[in-house]
Amino acid sequence: MKMGLVLAGGGARGAYQIGVWRALRELKIDQYINIISGTSIGALNGILFCQGDLEKANDVWYNISKEKVLPMEDKDLNFKAFLISLGLKSMTFVKKYMPKTLESGNLSRQGLIDIMDKYIDFEYLKKHNKVCYVACTEIPSFQPRYFKINDYDEKSIRSILLATSALPMIYESEEFEAFKYLDGGMADNVPIQPVYGENCDIIIVVHLSRDSIINKKLFPNTKIIEIYPSVMEEGVLDGILDFVPENTEKRMKLGYSDTIDYLKPIMRLGALIQGNNNDVNENIFSNIKKQFLKSR
C-alpha cells in the first residue's frame with residue numbers, strides 16, 4: 001500500500017507541519033509515507049521529511065528568523081505585505097495586468113541558501129527511496145510545474161527550492177531550464193496531483209489556509225485525509241511573514257496536538273475492530289483504509 005503526504009505552502013505557518021510530522025512519528029505513521037509533495041515552505045518541509053531527521057527539521061525552524069529570510073525595514077515589509085494581500089484577493093487581475101510586478105522582488109535569498117547549505121543532504125535525497133515532488137509556478141503562463149527532485153542534481157534542486165519559494169514582489173523569479181518560476185502557491189498551493197499520479201492509496205494533506213479546499217471527486221480510487229489548523233491565522237504579516245520564534249513554537253505544538261486529536265481516536269478504533277486493544281500496530285492502516293475512509 002502506498003501512502004502520500006502533501007504539504008501546502010504558507011510561509012511562517014509552515015512550522016505547523018513540523019508538529020504534524022512529530023505526531024505522525026509518535027503514531028508510527030511516518031514510516032508508511034513514501035511519496036511527498038510540497039509547495040513553497042511545504043516543499044522545504046517535504047525535503048526535510050524525506051531526510052527523516054525530525055530534530056534537524058526542528059533546528060531549521062528554530063533558526064529561521066525575519067532578519068534572515070526577510071531582511072528589510074518594517075515599513076517596507078508592511079508595504080510588501082499589503083501588496084501580497086491585495087494580490088491574493090485579485091490574482092487574476094494581477095496576472096493579467098501586472099505580470100512584471102510579480103517578478104519585481106529584489107530581496108536577498110541568502111537565508112534560504114544558508115538553510116540548504118547547513119541542513120539539506122542532497123546526496124541522501126538522490127539515494128533514498130522516498131519520492132519528493134516540488135510545485136512551482138511557471139511564468140508567464142502561471143501554470144503549475146511539478147519537479148521530481150530525486151531526478152535532479154544538487155544545483156538543480158537548489159534552483160527548484162528557490163523557485164517554489166520565490167514570493168511575488170519580494171523575491172526575484174528563479175530561472176531554471178530556460179523558464180522562469182515564482183512561488184508554487186500561485187498556481188497550486190496544495191499539490192495533490194503528483195502524489196495522486198503515483199497511485200497512492202491514502203494521501204494525507206496538511207493545509208495552512210482556511211480557503212484551501214480539495215475537490216475529492218477529482219481524485220477517485222484514493223482516500224484523502226485532511227488536517228487543518230484548529231486555530232487559523234489570517235493575514236500576511238500575522239501569518240505568512242510572521243517568522244517569530246515564539247510563534248514558531250506555538251504552531252509546532254498546534255500541529256502536533258491537532259494531528260493527535262484527529263488521528264489517534266481513529267487508529268484506536270481501528271485496533272479495536274481488529275480485536276487489538278493496544279496502541280497502533282503494523283496492520284493498523286489496513287483497518288483505517290477498510291473501515292474509516294470509505295467516503296471521499
Is it true that the side chains of Asp188 and Tyr146 contain a donor and an acceptor less than 3.5 Å apart? yes
Tell me whether Gln17 contacts the main-chain N or O of Ala8 through its side chain, where contact means a donor paired with an acceptor under 3.5 Å. yes
Going by heavy atoms in the side chains, are Asp114 and Met116 under 4.5 Å from each other? no
Using only atom types and a distance under 3.5 Å, with no angle test, would you say the side chain of Glu26 pairs donor to acceptor with the backbone of Tyr256? no
Work out which heavy atom in Pro140 is nearest to a heavy atom in Phe142; give both atom names and the distance. O-CD1, 3.0 Å
State whether a side-chain donor-acceptor pair under 3.5 Å links Asn45 with Trp61. yes
Ignoring hydrogens and geometry, is there a side-chain-to-backbone donor-acceptor pair from Glu249 to Glu246 under 3.5 Å? no
Decide yes or no for Leu54 and Arg25: does some side-chain heavy atom of the first lie under 4.5 Å from some side-chain heavy atom of the second? yes
Can you give me the closest heavy-atom contact between Ala135 and Thr39, atom names plus distance? CB-OG1, 3.4 Å
Residue list, ring pair (Phe, Tyr, Trp, His ring centres under 6.0 Å) with Tyr133, at least two apart or on another chain: none
Those residues that, when tested against Phe179, pass ring pair (Phe, Tyr, Trp, His ring centres under 6.0 Å) (two or more places apart): none
Note: Pro229 and Leu254 closest approach over all heavy atoms is CB-CD2, 4.3 Å
Glu226 side, atom CD; Ser212 side, atom OG - distance, nearest 0.5 Å: 7.5 Å
Check step by step if salt bridge (charged side-chain N to carboxylate O under 4.0 Å, His left out) holds for Arg158 and Asp117. CA-CA 10 Å; Arg158 287 174 177 271; Asp117 289 343; 2.7 Å; yes
Are Ile213 and Leu7 grouped together when hydrophobic residues (ILVMFWY) are joined by side-chain heavy atoms under 4.5 angstrom apart? no
Are Ile113 and Ile149 co-members of a hydrophobic cluster defined by side-chain heavy atoms under 4.5 Å apart? yes
Do Leu27 and Ile260 make a side-chain contact, defined as non-hydrogen atoms from C-beta onward lying under 4.5 Å apart? yes
Could you go through Lys2 and Glu198, starting from their C-alpha distance and side-chain angles, then the distance that decides it, and tell me whether this counts as salt bridge (charged side-chain N to carboxylate O under 4.0 Å, His left out)? CA-CA 8 Å; Lys2 278 189 177 182; Glu198 292 278 351; 3.8 Å; yes
Taking Asp59 for its side chain and Glu55 for its backbone only, find out whether a donor-acceptor pair lies under 3.5 Å. no
Can you check whether Val206 reaches Trp21 side chain to side chain, under 4.5 Å on heavy atoms? no
Compare all side-chain heavy atoms of Thr248 with those of Phe243 and state whether any distance is below 4.5 angstrom. no
I would like to know whether Ile192 and Ile214 meet side-chain contact (heavy atoms from CB on, under 4.5 Å); could you show each step before the answer? CA-CA 9 Å; Ile192 296 179; Ile214 297 171; 3.2 Å; yes
Separation between CG of Leu5 and CD1 of Ile204, rounded to the nearest 0.5 Å: 6.5 Å
Using the rule that Ile, Leu, Val, Met, Phe, Trp and Tyr join whenever any side-chain heavy atoms are under 4.5 Å apart, tell me whether Ile203 and Leu218 fall into a single cluster. yes
Rounded at 0.5 Å granularity, tell me how far CG in Asp242 sits from CG in Asn247. 4.5 Å
Linking I/L/V/M/F/W/Y whenever any side-chain heavy atoms sit under 4.5 Å apart, do Met252 and Val244 land together? no
Heavy atoms, side chains only, cut-off 4.5 Å: are Ile33 and Ile35 in contact? no
Looking at Tyr181 and Cys136, what are the two nearest heavy atoms and their distance? CD2-CB, 3.8 Å
Got a donor-acceptor contact below 3.5 angstrom from the Lys148 side chain to the Cys132 backbone? no
Are any side-chain N or O atoms of His207 and backbone N or O atoms of Ser209, one a donor and one an acceptor, separated by less than 3.5 Å? no
Validation row: Ile227, Val205 side chains within 4.5 angstrom (heavy atoms): no
Judged by atom type as modelled, is there a donor-acceptor pair below 3.5 Å linking the side chain of Ser40 to the main-chain atoms of Gly185? no
d(Cys50 SG, Asn34 CG) to nearest 0.5 Å is 10.0 Å
What are the two closest heavy atoms between Ala187 and Thr137, and how far apart are they? N-OG1, 3.1 Å
Taking only Lys NZ, Arg NE, NH1 and NH2, and the carboxylate oxygens of Asp or Glu, determine whether Lys180 and Glu172 approach each other closer than 4.0 Å. no
If you count every heavy atom of other residues, nucleotides or ligands that lies below 6.0 Å from Lys253 atom NZ, does the total exceed 12? no
Using modelled atom types and a 3.5 Å cut-off, is there a donor and acceptor pairing between side-chain atoms of Thr259 and backbone atoms of Gly255? yes
Tell me the closest heavy-atom pair linking Leu161 and Leu112, and the distance in Å. O-CD2, 3.8 Å
Would a distance-only check, ignoring hydrogens and angles, find a side-chain to backbone donor-acceptor pair under 3.5 Å from Thr164 to Val134? no
So, Asp201 side chain and Met3 main chain: donor-acceptor pair closer than 3.5 Å or not? no
Under the criterion side chain to side chain donor-acceptor pair (under 3.5 Å), I'd like the reasoning laid out for Asp258 against Tyr16: C-alpha separation, chi angles, the key distance, then a yes or no. CA-CA 10 Å; Asp258 283 351; Tyr16 179 89; 2.8 Å; yes
Please examine the side chains of Lys118 and Val60, heavy atoms only from C-beta on, and report whether any two atoms are closer than 4.5 Å. no
Cation-pi, Tyr171 ring and Arg109 (6.0 angstrom, 45 degrees): yes
Quick check on the hydrophobic clustering: are Ile157 and Tyr124 connected, directly or via other members, by side-chain heavy-atom contacts under 4.5 Å? no
When you look at NZ of Lys250, are more than 12 heavy atoms from neighbouring residues, nucleotides or ligands closer to it than 6.0 Å? no
Working to the nearest 0.5 Å, report the span between CD1 of Ile115 and CD1 of Ile47. 11.5 Å
Do the ring centers of Tyr228 and Tyr262 come within less than 6.0 Å of each other? no
State whether Glu177 and Arg145 are salt-bridged, where the test is any N-O pair (Lys NZ or Arg NE/NH1/NH2 against Asp/Glu carboxylate O) under 4.0 Å. yes
Nearest 0.5 Å please: distance from the CG atom of Asp121 over to the CG atom of Asp53. 10.0 Å
Let's go through Gln51 and Ile120 carefully: what are the C-alpha distance in whole Å and the side-chain angles of both, what is the deciding distance for side-chain contact (heavy atoms from CB on, under 4.5 Å) to 0.1 Å, and is it a yes or a no? CA-CA 8 Å; Gln51 293 185 171; Ile120 296 180; 3.6 Å; yes
